[in-house]
Amino acid sequence: MAQKKIKTIAVLTSGGDSPGMNCVIRSIVRTSVGHGIKVYGIERGYSGLLNNEMREMNASSVGNIIQRGGTILLSSRSPEFREASHRARAAQILEDRDIDALIVCGGDGSFKGAMALSQEHNIPVIGIPGTIDNDLSGTDYTIGFDTAVNTAIEAVDKIRDTAASNDRTFLIEVMGARSSAIALKVGVCTGAENVLLNSQKVDYEKIAKAIRRGMRRGKNSSIIIVAEGEKPGRAYNISNVLEDMHNIPSKVCVLGHIQRGGSPAANDRFFGALMGMMAVETLFEGNHRHAIVLHRGETKVVPLDKCMEKSDHVMEDFVGLAEELSI
Ligand code: F6P
């Protein structure tokens, strides 16, 4: 596809918001301004695009947002955008505003939408990985993960205080509908006795044994981190079975959306800044249909189709690490 010179771009954030998306927006807007490119911010992800909800942005529109969680552009999940007829409408809206290219910050669903729009209507797109779940193929990191993990760690540490004071077992459920990345990292970092992944059948016998072994050597409280699975509340079912079948009572705490909010941690600010800048420069250099990823510690530009699947960045060895260290 012969690329025309990029004069105007648009940016949107899509899917579940994640801390650091504002750093991405800030970087895109300010890099664009630096290159003399006009930039629009589309509100509410693809839904907003379909409703022509957008505003022109300048350097001041992104002032004082680097420390804010959420996304100033708002976000949404847009089932409509899965349909070609709606994508055709979106392409027309972009054309009517002379928008030459689109940058999308989101997860696998958002990238699939961007790819379809690009292939069907010859629109240059760039993806920036943004989801707390760290579950996108082709990249080792998604913006928001570090903050979410830190939020969960802080919460688990607090629960540990009360668990220890009252000799209790706690099941703490962390986010990740189809990803266990948060659970695993939090489990290792909080010294959890067990980490229950999405992908594995719960081995109740093993959990009960570990808790009893701990008790025999005077350990009276345990923390079990549970990846939420398809529906939030999985930890309640596990708690019931532990009590009914193994006579182990436990308390449940579902951390939920608290993990999506909050001021972005250093990694999310840093990679947000870097990836936003690289996205604009990639377009400026005439490349399109790419994603900006982190691979083995380096930020890289890769074809977008490498990053369209869910991928659980879970190294199951880390489960062993959590368990071995918490004997
Ligand atoms: O953003 C990713 C994620 O937080 C998942 O971990 C979670 O299950 C899901 O989004 C919840 O989405 P929603 O807020 O739309 O219910």
Side-chain angles (χ1 to χ4, degrees), residues 12-25 43-48 68-82 104-114 127-156 171-187 195-200 225-238 252-265 267-268 271-272 275 307-314:
L12 62 80
T13 48
S14 166
D17 59 300
S18 67
M21 281 183 163
N22 282 330
C23 307
V24 171
I25 298 165
E43 290 175 1
R44 296 191 175 76
Y46 291 120
S47 304
R68 282 169 56 188
T71 157
I72 60 160
L73 289 179
L74 315 178
S75 192
S76 67
R77 302 190 193 276
S78 170
E80 276 180 305
F81 206 73
R82 293 203 191 109
V104 172
C105 181
D108 60 313
S110 311
F111 281 19
K112 281 189 183 118
I128 297 181
T131 159
I132 64 163
D133 289 345
N134 203 21
D135 62 347
L136 192 60
S137 62
T139 182
D140 297 340
Y141 192 73
T142 60
I143 287 165
F145 179 64
D146 190 29
T147 311
V149 166
N150 280 303
T151 301
I153 289 174
E154 209 182 312
V156 175
L171 299 185
I172 304 174
E173 183 174 298
V174 297
M175 266 189 164
R178 278 166 294 160
S179 159
S180 304
I182 295 178
L184 203 44
K185 192 125 191 202
V186 170
V195 181
L196 307 183
L197 307 182
N198 280 325
S199 53
Q200 287 172 330
I225 304 294
V226 181
E228 75 181 341
E230 282 302 325
K231 264 202 214 142
R234 178 181 179 223
Y236 286 103
N237 303 333
I238 298 174
V252 172
C253 179
V254 177
L255 296 184
H257 285 79
I258 191 172
Q259 294 157 99
R260 285 241 295 256
S263 186
N267 274 332
D268 295 322
F271 290 119
M275 289 181 173
C307 306
M308 298 208 322
E309 300 307 323
K310 281 220 176 284
S311 144
D312 215 340
H313 290 291
V314 162

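Whatever order the structure lists ligands and atoms in, that order sets their numbers, starting from 1. Hydrogens, waters and symmetry mates play no part in the numbers below; they use all other heavy atoms, side chains included.
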In terms of ring plane angle, is the pair Y141 and F271 parallel, tilted or perpendicular, where the classes change at 30° and 60°? tilted
From D268 atom CG to S263 atom OG, the distance as rounded to the nearest 0.5 Å: 10.0 Å
With side chains defined as the heavy atoms from C-beta onward, is the minimum distance between E228 and I182 less than 4.5 Å? no
Quick check for you: to the nearest 0.5 Å, what is the distance between I132 atom CD1 and R260 atom CZ? 6.0 Å
Side-chain contact test, heavy atoms from C-beta onward, threshold under 4.5 Å: evaluate it for I172 versus L255 and give yes or no. yes
My understanding is that only residues two or more places apart in sequence, or in another chain, count here; which of them pass side chain to side chain contact (heavy atoms under 4.5 Å, CB included) with R82? P79
Show the protein residues that qualify under the rule heavy atom under 4.0 Å from an atom of ligand 1, listing them in chain and number order. G16, R77, I132, D133, M175, G176, A177, E228, H257, R260
